[in-house]
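Worksheet: one structure, shown below.
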Amino acid sequence: MPYLGLLVMLLWVFCLIDVITADDGGVRYLPKIVWLLLVVFLPFAGSLAWLFAGRPIGGGLWGGSGGGSNYRRASNSEFPEYETRPGRQAAMNPEADAEFLRQCRERAEEQRRIERERRKRDLGL
């Protein structure tokens, strides 16, 4: 039993690194930051809870992607591509993407035109 503290510390360090490197989209039940706080402030209980409840399914050794499983969180949304990792989406329809960019440019030009007219009006021209 003299090595129990060392084993708990090794488990804590493993779980701490595992939580930090885990993919946000695969972490289960609680947000990643809550799991991190649990592991930091409750080393033994938080580590066990992380291993049995929060760790991504098929997350590989360190919780990242590459464990061989195609597990995805169930989505009730009409737009599941926005659920796991914002900012990591790829355009699915190039025509719709081009149309969206065209509309953005038109709106920006309209806003510039309105601002120019407002400045002229403020200057009394």
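Please read all numbers here as calculations on a predicted model, not as lab measurements.
- Taking CG of Leu42 as the start and CH2 of Trp12 as the end, the distance is 12.0 Å to the nearest 0.5 Å.
- With 3.5 Å as the limit, one finds no donor-acceptor pair spanning the side chains of Glu115 and Gln111.
- We find that Arg113 and Glu110 are joined by a salt bridge, their nearest charged nitrogen and carboxylate oxygen being less than 4.0 Å apart.
- The heavy-atom pair separating Tyr29 from Ala53 by the smallest distance is CD1-O, 3.0 Å.
- Residue Phe44 is tested with Val39, Leu7, Leu11 for a side chain to side chain contact (heavy atoms under 4.5 Å, CB included); the sole match is Leu11.
- Other cluster members for Leu101: Phe100, joined by side-chain heavy-atom distances under 4.5 Å among Ile, Leu, Val, Met, Phe, Trp and Tyr.
- In this structure, the side chains of Phe14 and Leu51 come closer than 4.5 Å at one or more pairs of heavy atoms.
- Counting non-hydrogen atoms of neighbouring residues, nucleotides and ligands closer than 6.0 angstrom, the CZ atom of Arg102 exceeds 12 such neighbours.
- Arg105 has no carboxylate O lying under 4.0 Å from a charged side-chain N of Glu109, or vice versa, which leaves the two without a salt bridge.
- Annotation: the span from Leu4 atom CG to Met9 atom CE amounts to 12.0 Å, rounded to 0.5 Å.
- Contact detail for Leu30 and Val27: the closest heavy-atom pair is O-CG1, 3.5 Å.
- A salt bridge does not link Glu117 with Arg121: every distance from a Lys NZ or Arg NE/NH1/NH2 to an Asp or Glu carboxylate oxygen is 4.0 Å or more.
- Atom SG of Cys104 is separated from atom CD of Glu99 by 10.0 Å, given to the nearest 0.5 angstrom.
- The minimum heavy-atom distance between Arg28 and Phe52, with the atom names listed, is NH2-O, 3.8 Å.
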